[in-house]
There are 2 protein chains.
Amino acid sequence: MGKTLREKGKGTVKLRHAGLRPTRQRVELAGLLFKSCDRHVTAESLHDEVTGAGVKVSLATVYNTLHQFTEAGLLRQVIVDAARSYFDTNTGDHQHFFLESEGMLIDIPGETIAVAGVPAPPPGLSIDRVDVVVRVRRT
Amino acid sequence: MGKTLREKGKGTVKLRHAGLRPTRQRVELAGLLFKSCDRHVTAESLHDEVTGAGVKVSLATVYNTLHQFTEAGLLRQVIVDAARSYFDTNTGDHQHFFLESEGMLIDIPGETIAVAGVPAPPPGLSIDRVDVVVRVRRT
DNA sequence: TCACAGTTTAGAATCATTCTAATCCCGTTG
DNA sequence: CAACGGGATTAGAATGATTCTAAACTGTGA
């Protein structure tokens, strides 16, 4: 009961802190994304999910929101498939297994994998991030 | 002069060996792709290039050919950008620097980088390939 | 040379994603 | 608490890369 009132501020605070106005749509999407940990979604899958939950949010807003959350550091975009973009709720240092046939991503903790020998980038360039994708297939 | 006759078979043999009928278009594209080493092209860029060389090849054929060459093991597809696919003429073990702002890929020799600690994939899955992308930006 | 299976191609179609312009609503102000 | 102002949402159009389709074309073996 007090639940609604008491928890109302949760996602709201998170969004405010990120400089995003806590609108109904953003609160709903944040609720789905950050309720459980380490989720991997596509715009389409998240839209289906929020729609399935009986909440009306346009696909355009899902795209906008995913990008805004990404810019705000709440999500990380994962590029592993030419066909679609994934967004990961785990923004920490980690890598992925990718099962292309099923569009499935599995986290690999950052401490697990070590990439050694990355050469210095050409003059005028600096390293932004090192991504490792372990592509797997059904045996 | 004998050049045309003598060299005619080069790309042709390569294509035949790959199980691909050496058509005018495939020979032209293979010529551009494999004349110099370690090239990174997109369908669009290769189409512009072949067209600029005065050869008439449709964009659809460029796409078909890139995929056929990839399946035949002559090319490797590189997925680093959500917007477009790159194809790499270097099919050996190596990784990449990627300068997103300019759509530029730079090879990193395979021996240079070492990825340690890749965990065993979940049951029923086996590792296909480990890709490392070092994302860089202008300083 | 003939015939046919594999190729090419123009243009339509598709798919994910972005844009547009109108409408809506969050938060502040009076 | 109503009005307001600017950011947010949205339906639908637009875009851009890629794929598909159906028809025309061309290597290649006989």
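Both backbone and side-chain heavy atoms feed into the values below; hydrogens, waters and symmetry mates do not.
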Spell out, yes or no, whether A:Val55 and A:Val27 are grouped together once hydrophobic residues are joined by side-chain heavy atoms under 4.5 Å, including indirect joins. yes
Has A:Arg84 got a side-chain N or O lying under 4.0 Å from the OP1 or OP2 atom of C:dT17? no
Strictly by modelled atom types, are B:Ser85 and B:Gln77 linked by a side-chain donor-acceptor pair under 3.5 Å? yes
Under 3.5 Å: donor-acceptor pair, side chain of A:Ser45, backbone of A:Val41: no
Starting from C1' on C:dT7, measure out to CG on B:Leu29 and report it in whole angstrom. 13 Å
Let me know the distance between CG of A:Leu59 and C1' of D:dA13, rounded to the nearest Å. 14 Å
Answer yes or no: does a side-chain N or O of B:Ser85 lie under 4.0 Å from OP1 or OP2 of D:dA17? no
side-chain N/O B:Lys56 vs C:dA10 OP1/OP2, d < 4.0 Å: yes
Would you tell me if any nitrogen or oxygen in the side chain of B:Arg26 comes within less than 4.0 Å of OP1 or OP2 on C:dT8? yes
Using OP1 and OP2 only, check whether a side-chain N or O of A:Gln25 sits under 4.0 Å from D:dT10. yes
Would you check if the side chain of B:His94 reaches a backbone N or O of B:Gly92 as a donor-acceptor pair within less than 3.5 Å? yes
Please determine which of A:Lys14, A:Gln68, A:His17 meets the side chain to side chain contact (heavy atoms under 4.5 Å, CB included) test together with A:Leu74. A:Lys14
How many Å lie between CG on B:Leu20 and C1' on D:dT28, as a whole number? 15 Å
OP1 or OP2 of D:dT9 versus the side-chain N and O atoms of A:Arg21: is any pair under 4.0 Å? no
Both B:Pro22 and B:Tyr86 contact DNA chain D. Taking the nearest nucleotide for each, which residue is further toward the 5' end? B:Tyr86
So, is B:His67 near the phosphate of D:dT18, with a side-chain N or O under 4.0 Å from OP1 or OP2? no
Does a side-chain N or O from B:Thr23 land closer than 4.0 Å to OP1 or OP2 of C:dT8, or not? yes
Rounded interatomic separation in angstrom, taking CG from A:Asp81 and P from C:dA16: 11 Å
Does B:Thr61 make a side-chain N or O approach to OP1 or OP2 of C:dT8 shorter than 4.0 Å? no
If I take atom CD in residue A:Glu28 and atom P in nucleotide D:dT9, what distance separates them, rounded to the nearest angstrom? 12 Å
Distance, rounded to the nearest Å, where A:Leu15 contributes CG and C:dG27 contributes C1': 15 Å
Do A:Asp107 and A:His40 get their side chains close enough for a donor-acceptor pair, meaning under 3.5 Å? yes
Would you classify A:Ala82 as touching base, sugar-phosphate or nothing, given that sugar-phosphate means primed atoms plus P, OP1 and OP2, and contacts are heavy atoms under 4.0 Å? nothing
With respect to the phosphate group of C:dT17, does any side-chain polar atom (N or O) of A:Tyr63 fall under 4.0 Å of OP1 or OP2? yes
Among C:dT17, D:dT10, D:dT18, find the nucleotide with the atom closest to the side chain of A:Ala43. C:dT17
Rounded to whole Å, how long is the line connecting atom CZ of B:Arg24 with atom P of C:dT8? 9 Å
Reckon B:His47 touches a base, only the sugar-phosphate, or nothing at all at heavy-atom distances under 4.0 Å? nothing
Could you check whether B:Thr42 gets within reach of a base, just the sugar-phosphate, or nothing at all, counting any heavy atom under 4.0 Å? nothing
Without decimals, in angstroms, what is the distance between B:Gln68 CD and C:dT7 C1'? 8 Å
